[in-house]
**Student:** 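Handing you this structure, nothing more for now.
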Amino acid sequence: MTKEFLMIKVGLILGIAGACRTDELVNLTVDDIEDVGSSLITKIPRIFVVTDVGNMLELFRKYLSLRPPHVKHKRLFLYYKAGKCSSQPVGKNTMGKIPSVVASYLKLPDVACYTGHCLRRSSATLLADAGVDITTIKRHAGWKSTTVAEGYVENSIENKTKIANQVLVGTTTSAITKTVNVSESNIPCNINFENCTNKCNI
Ligand SMILES: *[C@@H]1O[C@H](CO)[C@@H](O)[C@H](O)[C@H]1NC(C)=O
Ligand SMILES: *[C@@H]1O[C@H](CO)[C@@H](O)[C@H](O)[C@H]1NC(C)=O
Ligand SMILES: *[C@@H]1O[C@H](CO)[C@@H](O)[C@H](O)[C@H]1NC(C)=O
Ligand SMILES: *[C@@H]1O[C@H](CO)[C@@H](O)[C@H](O)[C@H]1NC(C)=O
């Protein structure tokens, strides 16, 4: 994927790393993400970590560096075109189209089936495929159906880092996935992307 997709790439990385809903990505602010050097840590919509595999952090930093200085709001995602960000925040429709843009780039069939929900589902599928237990998956995605007791088990950043690696670049076995190379340098950076077309009606 080339430079023209920078905003899409950052959305894909954060969306899959954090099992984010479309409106959670839309609402992310620059204050919600802490760059600690070796990784990014977000507290909202829930704690998740993006590790520095490939050049994921470089992509994020590059995108952030293009933020015009005069932007009044704090929304992270700004429209991006021809190497520049505008001050206009990305809305729900554009954000929800990220999976279909990626699917179209990968020349997958039934591009329209790739709704905004695909990032969240891809994330959970990839974790399940890596053999991670259901409690961890539920916690990762912030699903409420875990018991209250489990809610008290604060997950360590260490564990979150492990999860990040499993989600973003874990080797998958059973899920039908395609990988997308989001790199802009010669370091390959392949993200697993679930083939959502087999679940089109969900
Ligand atoms: C995102 O922001 C909108 C507008 O402030 C709000 O209605 C919505 O509940 C927020 N969604 C999430 C997931 O925080
Ligand atoms: C980290 O994950 C392991 C295995 O899933 C779990 O046993 C442990 O309690 C977790 N640590 C924390 C601090 O959540
Ligand atoms: C990924 O993309 C970059 C930049 O286009 C390229 O240099 C690199 O060779 C690609 N890696 C793979 C494994 O295709
Ligand atoms: C995606 O899944 C559909 C339905 O299972 C299948 O027909 C199609 O070949 C798959 N595409 C890829 C690229 O794996």
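Whatever order the structure lists ligands and atoms in, that order sets their numbers, starting from 1. The structure displayed is predicted, hence computed values, not measured ones. We number each residue from 1, following the sequence as shown.
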**Student:** Is the closest basic N to carboxylate O distance between Lys43 and Asp32 below 4.0 Å?
**Tutor:**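 Asp32 and Lys43: not salt-bridged.
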
**Student:** Check ligand 1 against the protein and report each N/O to N/O distance under 3.5 Å, formatted as atom name, atom name, distance.
**Tutor:**
from     : atom 1 : to    : atom 2 : distance (Å)
ligand 1 : 2 (O)  : Asn27 : OD1    : 3.1
ligand 1 : 2 (O)  : Asn27 : ND2    : 2.3
ligand 1 : 11 (N) : Asp23 : OD2    : 3.3
ligand 1 : 11 (N) : Asn27 : ND2    : 2.9
ligand 1 : 14 (O) : Asn27 : ND2    : 3.2

**Student:** With side chain to side chain contact (heavy atoms under 4.5 Å, CB included) as the test, pick out the partner of Phe60 among Ile13, Ile33, Asn55, Asp52.
**Tutor:**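 So the option named by the test is Ile33.
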
**Student:** Ring-plane angle category for Phe5 and Tyr105, please: parallel below 30°, perpendicular beyond 60°, tilted otherwise.
**Tutor:**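 Phe5 vs Tyr105 ring planes: perpendicular.
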
**Student:** Does anything in residues 73-98 pair up under salt bridge (Lys or Arg N to Asp or Glu O under 4.0 Å), and if so which pairs, sequence neighbours excluded?
**Tutor:**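 As it turns out, the salt bridge (Lys or Arg N to Asp or Glu O under 4.0 Å) pairs with a partner in residues 73-98, which skip direct neighbours, are Asp31-Lys74.
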
**Student:** Looking only at side-chain N and O atoms, does Tyr79 offer a donor or acceptor that is under 3.5 Å from a partner on Ser87?
**Tutor:**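 Side-chain D/A pair, Ser87 to Tyr79: absent.
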
**Student:** For residues Leu57 and Val50, determine if any side-chain heavy atom of one lies less than 4.5 Å from a side-chain heavy atom of the other.
**Tutor:**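 Yes, side chains in contact.
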
